[in-house]
Amino acid sequence: MITGFILRALEGKIVAMIVVLVGIAILVPALNLLTPPDSAFHIPTYAMALFGKYLCYALLALALDLVWGYCGILSLGHGAFFALGGYAMGMYLMRQIGPRGVYGNPVLPDFMVFLNYKELPWFWYGMDWFVVAMAMVLLVPGLLAFVFGWFAFRSRVNGVYLSIITQAMTYALMLAFFRNDMGFGGNNGLTDFKDILGFQVQADGTRAVLFALSAIMLALCLLVASAITRSKFGKVLVGVRDAESRVRFLGFRVENIKLFTFVVSAMFAGIAGALFVPQVGIINPGEFAPANSIEIVVWTAVGGRGTLIGPIIGAVLVNAGKSFFTGAFPEFWLFALGGLFIAVTLFLPKGIVDTIQHGFRVRKAMKAAAEAEKGRVGTDAVNPSAAQAAE
Amino acid sequence: MLIRIISLIFIILSFAAPAFAQSGTDPKPLIDALAKADFAEAETLIGQIAATGDPKVVPALDAFSEGDLYFRKSDSAVFIGKTGDAGLELIDPLTGASAGPTSKSAVTKIRVNNNLRRVIDAAKGGLTLMSPDRGVRLAAADAVLASPSPENLALVEAALAKETDSEVKARMQEARAVSVLSSDRSVDEKRDAIKTIKSLGGRNALGILNSVSSSIDPSLKSDLDSAIGSIEAEQQLWDMVQNVWYGLSLGSVLLLAAIGLAITFGVMGIINMAHGEMVMLGAYSTFMVQEVIRTHAPGLFDWSLAIALPVAFLVTGAVGFVIERCVIRFLYGRPLETLLATWGVSLILQQTIRSIFGPTNQEVGNPSWMSGSFPVGGMTITWNRMWILVFSLTIFFTLLVVMKKSAYGLNMRAVTQNRRMASSMGIRTPWVDALTFALGSGIAGIAGVALSQIDNVSPNLGQSYIIDSFMVVVFGGVGNLWGTLVGALSLGVLNKFLEPSVGAVLGKILVLVLIILFIQKRPRGLFALKGRAVEA
């Protein structure tokens, strides 16, 4: 049954994207590690780290696409799930520092010694085990999404209102994590990581593995998301997006459908955060900023929502643009980003991927119409709306 | 020599007698006696000098406190010394007449220490009670109230007997009561004093009563405790009132920030993420107006805000109009897309302002009528907070009248309620849309003028208000101006009541969580528009 579930996920462009991602997962680390630095094919470590970051963002955008593109829930709080996953990973990495911190305390991380903690807060227990930490990466965002969604979907908070309260959620979390006595390092967040599973975080080999993992994780999540959206459940999901009341009147429990999708999406975001932190080397409350969450929406919108591969492309493109602009013309990045927001909503409401697909379909339909015309000369007039009808 | 010793004995003896007995005696020998007195004797002498009640001794006491009092070695006469061109100029301590210059070696400085300075200050407080100037007397009574001492009692009573001004008299009575408590007067007199202090109220009275509670006569203990209890209860009430005031003040800021959004989001349904930037543009308009006034007409500075109001309204209204025409009108019916587009607009506006004015805070001045404060009962209210409250309510009610009573408001409501019907009736709906958005933006700009007075004017100004504004509008109920008013004020008060117990940040987090929970309960806010639509 599960294989059937997975096999159904394998549609042309999804397969293509997965192949590309696996290819990247193998090729980029290989080019980084195996070629000499002066070779034309060499990929420097910083470029790999940068690209690894984009892949994490891509996974985050994919997570948002699942709820926004397929379920119609525009979450302005996905940054919170991302950051929570990141914090879970960060806590594990902090515990791995052990006595090598500035203060040399074998148990307490540096910031706790600095803030006069006498012992580890209860929620730090067990975070030195990788398995526990990874479970938390999934559980904490999942649980938050479950509780939040349970209340919100049950009382039928939707549309704009839901967007605004998700924004309030991430804003409240940001304020909370900025507090020193929350036990998460306050303003400075968690940083200065040394080891992950005994390997040096900064080492080229570790970075290569992390990069490959990001790409593979993205491919896996894409597979799962595709399987979900192409299953019967996925059809209902689209129904919820387009005509929620109708689906409810047909007897489906809309709130459960939404809740499931929201939780899965939050977990994806958590994974993205966990992969992001060791590659970037820091997690701080700034990740909870509402502006970050809105930016995720733009990546998804640029790529094309409801396409799964669109958000991946969108996230990589927008972030590559950001890296380029902030390096070359720092003044203009916000102009470019703002302009992108407006241009995409006005001229590319379906995003890059869908627009291209649309173009292909129109051409195909026109070709078919032309064939039909040739075949049936003089019988009846060509339906001028054949292109639209073929969609 | 003998005379001096006798006079000294006389002085020391006379100290034991009631101080007011000395009223009217000549202070001259007392001042001269300072020449050879040690610190302890000087302290008694200062009491005596003050007890003469002669305001003429004040310059001498001042000079003593400053270390400018000298005595001539030849005849031990005491003078105030002023360092001039020709050595030291001697001045008679009482008449102020010059006694000519002298060399520094001919005189000796009378030494003073901090303890003596304190005694002098207290003595002067008593002395100025007799001043012919009403303001000085009032200040003196306040000084005695603030630092009561039994030595002043006689002076206060003497002054009280002569006092005619009712306000000063009341203040002096309080001052007397305070002094009585620390003196060795009879129990009955002290009981009356406690009553007077009780009616005085305030933190100061509480402090005085608490300070004497250990040394007071046991028979007065119950009176004292009840007085302390009642003052504390009153104090608590004032603390409450203070919290409510702070809450209303915060609420008025929230109202200001949210009121424009109540139009663009509440009435039109546009998720206007650029709303905060409209507030920011309003603040920058104020800055520009003040800059122009500073360079061209500094005399108009007090009018700068009044001038800035229409300027800000027009500037932000025009920007809003352009945004509506160029971006938003293509997005009606797609609320989530407007969110993205307006966010883009907000980024561009922020960066534009940053490129023009730089990322740092701009200085916006307060006109004189906005600075300072005034006391109300047990608390002080600052003028700028007061004006902002008044201002936000004025805007609110003006807007309400425009919406309910004007033809334009009628058109606006018609378009938002049923666009096609309104269009059929001949209303130019696109025009109304554009004007409504411009109105909402313009009001945000006006809010920016007021907020520039209490917040940093930087490109990020709007960012800090946007989430709060949305919370207020959603909490109050979309499409309902009254909801925005009630929402803003109640969120402000709630915030300020949470703050003392949990801290500012946690209070804010709690408010956010409460709003999130509240929306679950009433997804359409406090005052939901009634309707039968399944999907709004």
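Sequence lines set the chain letters: A, B, ... in the order given, protein chains first and strands last, and positions in each chain run from 1.
Within the 4.5 angstrom heavy-atom criterion, no atom of Met174(A) approaches chain B. Residue Phe151(A) touches chain B through both its backbone and its side chain, counting heavy-atom pairs closer than 4.5 Å. For a residue to count as touching a neighbouring chain, one of its non-hydrogen atoms must lie under 4.5 Å from one of that chain's; by this rule Trp333(A) does not touch chain B. Residue contact with chain A, scored on non-hydrogen atoms closer than 4.5 Å, involves the side chain of Ile271(B) exclusively. Both the backbone and the side chain of Ile519(B) come within less than 4.5 Å of a heavy atom of chain A. With a threshold of 4.5 angstrom between heavy atoms, Arg334(B) approaches chain A through side-chain atoms but not through N, CA, C or O. Neither the backbone nor the side chain of Arg248(A) has a heavy atom closer than 4.5 Å to any heavy atom of chain B. Of the atoms belonging to Leu512(B), it is side-chain heavy atoms, and not backbone ones, that fall under 4.5 Å from chain A. Proximity to chain A (any heavy atom under 4.5 Å) is restricted, for Leu339(B), to the side chain, taken from C-beta onward. In this structure, no portion of Thr338(B) lies under 4.5 Å from any heavy atom of chain A.
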For this session: Could you give me the CA-CA distance, side-chain angles and deciding distance for Ile164(A) and Phe265(B), then say whether side chain to side chain contact (heavy atoms under 4.5 Å, CB included) is met?
Result: CA-CA 12 Å; Ile164(A) 289 172; Phe265(B) 174 52; 3.7 Å; yes
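The shortest heavy-atom contact between Val327(B) and Leu346(A) is O-CD2, 3.7 Å. Closest approach of Val505(B) and Leu175(A) over heavy atoms only: CG1-O, 3.7 Å. Contact between Glu331(A) and Gln351(B) at its shortest, heavy atoms only, is O-NE2, 3.1 Å. Residues Thr345(A) and Ala341(B) come closest through the heavy atom pair OG1-CB, 3.5 Å. Contact detail for Ile348(B) and Phe335(A): the closest heavy-atom pair is O-CE2, 3.6 Å. Across every non-hydrogen atom of Leu340(B) and Ala301(A), the tightest pair is CD1-CB, 4.0 Å.
Note on ring orientation: taking the six-membered ring where Trp is involved, the planes of Trp343(B) and Phe341(A) are perpendicular (angle over 60°, cut-offs 30° and 60°).
The main-chain N or O of Ala152(A) is found under 3.5 Å from a side-chain atom of Gln520(B) such that the two form a donor-acceptor pair. Checking side-chain atoms of Gln167(A) against main-chain N and O of Ile467(B) turns up no donor-acceptor pair under 3.5 Å.
Taken from CZ in Phe330(B) to CZ in Phe347(A), the straight-line distance is 7.5 Å, to the nearest 0.5 Å. From Leu506(B), atom CG reaches atom CZ of Arg179(A) across 4.5 Å, with rounding to the nearest 0.5 Å. We find the OG-CZ distance between Ser155(A) and Phe518(B) to be 11.5 Å, quoted to the nearest 0.5 Å.
Note: Ile509(B) leads Val511(B), Leu331(B), Leu517(B), Ile509(B) in heavy-atom pairs under 4.5 Å with chain A. In terms of heavy-atom pairs under 4.5 angstrom with chain B, the leader among Leu162(A), Leu173(A), Leu76(A), Val157(A) is Val157(A). Taking Ile515(B), Val513(B), Thr352(B), Leu349(B) one by one and counting their heavy-atom pairs under 4.5 Å with chain A, the maximum is reached by Thr352(B).
In this structure, Tyr246(B) places its OH atom where only 12 or fewer heavy-atom neighbours from other residues, nucleotides or ligands lie under 6.0 Å away. Dense packing is recorded around OH of Tyr332(B), with more than 12 heavy atoms of other residues, nucleotides or ligands lying under 6.0 Å away. In Arg354(B), the CZ atom is crowded: over 12 heavy atoms of neighbouring residues, nucleotides or ligands sit closer than 6.0 Å. More than 12 heavy atoms of other shown residues, nucleotides or ligands fall within 6.0 angstrom of atom CE in Met182(A). Surrounding CZ of Phe324(A) are at most 12 heavy atoms belonging to other residues, nucleotides or ligands under 6.0 Å away.
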